[in-house]
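In what follows, a single structure is set out as structure tokens and then discussed.
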Amino acid sequence: MCDTRWMPKSLDFTLTESDLEIVVRAVKSDKRPEVRQRAMGLRLLHEEQAPKEVAEIMAVSQPTVY
């Protein structure tokens, strides 16, 4: 049984155009791997991937995605 008390009911992960540009730039060129990973997660969420799917793709836990 999965404990979902920590998960929000619904979140909107849609980024503004300028935010998306920043995220894309970070994915492509930031020197820090943790920043690139977080930016990729944000981009996947923006592209309507479910947090559970993003967690699997990124090899992190669901709470980390949230």
Side-chain angles (χ1 to χ4, degrees):
M1 184 169 153
C2 180
D3 183 3
T4 59
R5 289 178 288 177
W6 54 265
M7 294 189 325
K9 295 200 184 296
S10 177
L11 291 176
D12 180 10
F13 296 107
T14 305
L15 300 172
T16 65
E17 191 64 35
S18 62
D19 288 341
L20 184 57
E21 288 176 21
I22 293 167
V23 166
V24 169
R25 196 173 327 123
V27 169
K28 290 181 179 181
S29 62
D30 200 287
K31 294 180 179 169
R32 298 163 293 180
E34 67 275 12
V35 172
R36 289 193 312 268
Q37 183 180 33
R38 289 176 185 148
M40 179 56 74
L42 287 170
R43 185 171 184 182
L44 290 169
L45 291 168
H46 172 77
E47 293 173 353
E48 299 183 359
Q49 294 287 324
K52 181 178 180 179
E53 294 168 330
V54 174
E56 291 173 6
I57 292 167
M58 306 293 293
V60 298
S61 67
Q62 270 187 274
T64 298
V65 171
Y66 281 103

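The neighbour count for Glu34 CD, taken as heavy atoms of other residues, nucleotides or ligands under 6.0 Å away, is above 12.
For Glu56, the side chain to side chain contact (heavy atoms under 4.5 Å, CB included) partners are Lys52, not counting sequence neighbours.
Arg43 and Glu47 are joined by a salt bridge, as a carboxylate oxygen and a charged side-chain nitrogen come within less than 4.0 angstrom of each other.
Atom CG of residue Leu42 and atom CD of residue Gln37 lie 11.0 Å apart, to the nearest 0.5 angstrom. To the nearest 0.5 Å, the span separating CD on Glu53 from CE on Met58 amounts to 13.5 Å.
Screening Leu11, Leu44, Leu45 for a side-chain contact (heavy atoms from CB on, under 4.5 Å) involving Pro51 leaves a single residue, Leu45.
Nearest heavy-atom pair across Ile57 and Gln49 is CD1-OE1, 4.2 Å. Across every non-hydrogen atom of Leu15 and His46, the tightest pair is N-ND1, 2.9 Å.
Using a 4.5 Å cut-off on side-chain heavy atoms (C-beta onward), Val27 and Arg36 make no contact.
In the hydrophobic clustering of this structure, Val35 does not group with Ile22; members are Ile, Leu, Val, Met, Phe, Trp, Tyr whose side-chain heavy atoms approach within less than 4.5 Å, directly or through other members.
Of the possible polar contacts, none joining the Thr64 side chain to the Val60 backbone as a donor-acceptor pair under 3.5 Å is found.
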